[in-house]
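All of these numbers come straight from a predicted model, not from anything done at the bench. Counting convention: from 1, in listed order, for ligands and their atoms alike.
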Amino acid sequence: MSTHLYTDLRSKNAIVTGGTRGIGFAIAEAMLQMGARVAVSGRKSDGVKLAIERLRHVGGDRVVGVAAHSARPEDVTRLFDEAVKAFGAIHVVVNNAATNPSMAPLHEVELEVFDKILETNLRGYLLVAREGVRRMREASVAGSIVNVSTVASLRPWPGLGAYSVSKAAVNSMTQVLAIELGRDGIRVNAIAPGVVRTRFSEALWKNPKTEEDTAKRLPLSRIAEPEDVVGAALFLASEASRYVTGQVLVVDGGMMLV
Ligand SMILES: NC(=O)c1ccc[n+]([C@@H]2O[C@H](COP(=O)([O-])OP(=O)(O)OC[C@H]3O[C@@H](n4cnc5c(N)ncnc54)[C@H](OP(=O)(O)O)[C@@H]3O)[C@@H](O)[C@H]2O)c1
């Protein structure tokens with residue numbers, strides 16, 4: 001295998017949940033650039049439609065979009081059905097759709113909010129991973145599952161307690177699945193981004209002063225753009241990482257060092 005083909009995804013069919021904007025969109029776009037066929041999802045059909053219009057400029061008919069809630073089994077089945085119908089067997093699943101509706105100390109967080117966070121970020125990731133495994137096994141595919149986690153899963157982040165708990169569980173799920181599925185040739189890894197400029201993290205960058213304060217604490221002196229996360233996703237999706245499983249790859253501009 002020559003090095004320039006390491007992240008070649010021309011033989012891969014991928015699903016990216018939450019691929020209609022932010023980090024998921026950037027990953028979907030990069031995968032299309034590397035030749036993959038990609039299905040993206042989001043809850044809102046308007047968002048899906050808009051994302052597909054933009055992604056078609058890069059991927060033409062190699063992209064489809066499905067309005068699907070990651071924590072609803074029937075939606076997840078439909079997402080995979082549509083992706084398989086469009087492309088055939090699924091080789092790569094990027095579990096990226098997550099939520100954090102409020103910031104509160106963990107001991108005070110409303111139970112409904114806690115349940116909602118775990119529903120999408122943990123139950124949703126499990127449902128999507130399980131469906132991916134089922135389809136990969138059916139098609140005898142040696143696939144890759146990539147779970148988008150966060151640095152907050154590795155280091156306590158005041159105010160992000162419920163979210164951190166959900167993503168720490170995702171890291172654990174990544175390791176358990178990696179052990180269980182290694183013999184099937186299915187690799188399972190996670191990516192832990194730092195602060196990335198998306199709608200999700202607006203509170204940390206919308207105010208220029210807040211962004212500056214965050215950026216100056218980071219060794220790389222800036223917050224990430226969604227495109228800064230795609231290299232890790234391409235690596236973990238492709239043959240470049242064929243001997244890597246059960247890892248949490250930190251992509252944080254050095255945040256965890258300081
Ligand atoms: N931004 C950061 O600083 C940061 C840092 C570390 C980790 N992360 C992680 O990166 C991932 C992506 O976040 P982002 O910053 O790109 O967020 P974002 O810009 O808000 O995008 C979230 C995407 O997920 C979809 N989504 C949300 N809930 C969903 C659900 N239940 N079912 C299906 N789709 C759903 C959204 O579409 P709809 O609204 O239409 O559903 C959208 O496409 C998340 O896992 C997040 O935890 C983000």
For ligand 1, which atoms have a heavy atom of [X] less than 4.0 angstrom away?
| X | answer |
| --- | --- |
| H69 | 31 (N), 32 (N) |
| V195 | 3 (O) |
| A97 | 24 (O), 26 (N), 29 (C), 33 (C), 34 (N), 35 (C) |
| Y125 | 45 (O) |
| A98 | 27 (C), 44 (C), 45 (O), 47 (O) |
| N96 | 10 (O), 11 (C), 12 (C), 44 (C), 45 (O) |

At a non-hydrogen distance cut-off of under 4.0 Å, which region of [X] contacts ligand 1 (side chain, backbone, both, or neither)?
| X | value |
| --- | --- |
| K167 | side chain |
| A51 | neither |
| W205 | neither |
| I23 | both |

Nearest-contact summary for [atom] - protein heavy atom, Å:
| atom | value |
| --- | --- |
| atom 37 (O) of ligand 1 | T20 OG1, 3.5 Å |
| atom 7 (C) of ligand 1 | S149 O, 3.1 Å |
| atom 29 (C) of ligand 1 | R43 NE, 3.5 Å |
| atom 46 (C) of ligand 1 | Y163 OH, 3.4 Å |
| atom 20 (O) of ligand 1 | R21 NH2, 3.2 Å |

Between [options], which one has a non-hydrogen atom sitting closest to [atom]?
| atom | options | result |
| --- | --- | --- |
| atom 1 (N) of ligand 1 | I223, T198, D46 | T198 |
| atom 4 (C) of ligand 1 | G194, A68, S201 | G194 |
| atom 23 (C) of ligand 1 | P226, P193, G18 | G18 |

Residues, nucleotides or ligands: over 12 heavy atoms within 6.0 Å of R130 CZ
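No - once you tally the heavy atoms of other residues, nucleotides and ligands closer than 6.0 Å, there are 12 at most.
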Atom CD of E110: over 12 foreign heavy atoms under 6.0 Å
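No, not enclosed.
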How long is the span from the CG atom in D213 to the NZ atom in K209, to the nearest 0.5 Å?
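D213 atom CG to K209 atom NZ measures 3.5 Å (nearest 0.5 Å).
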Taking the cut-offs as 6.0 angstrom to the six-membered ring centre and 45 degrees off its axis, would you call R54 and F25 a cation-pi pair?
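Cation-pi check for R54 and F25: passes.
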For the aromatic rings, using the six-membered ring if either is Trp, is the centroid distance between F200 and Y163 under 6.0 Å?
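Here the rings of Y163 and F200 have centres that are less than 6.0 Å from each other.
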Picking from N100, T150, N121, what satisfies side chain to side chain donor-acceptor pair (under 3.5 Å) with S166?
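That would be N121; it is the only one of N100, T150, N121 passing the side chain to side chain donor-acceptor pair (under 3.5 Å) with S166.
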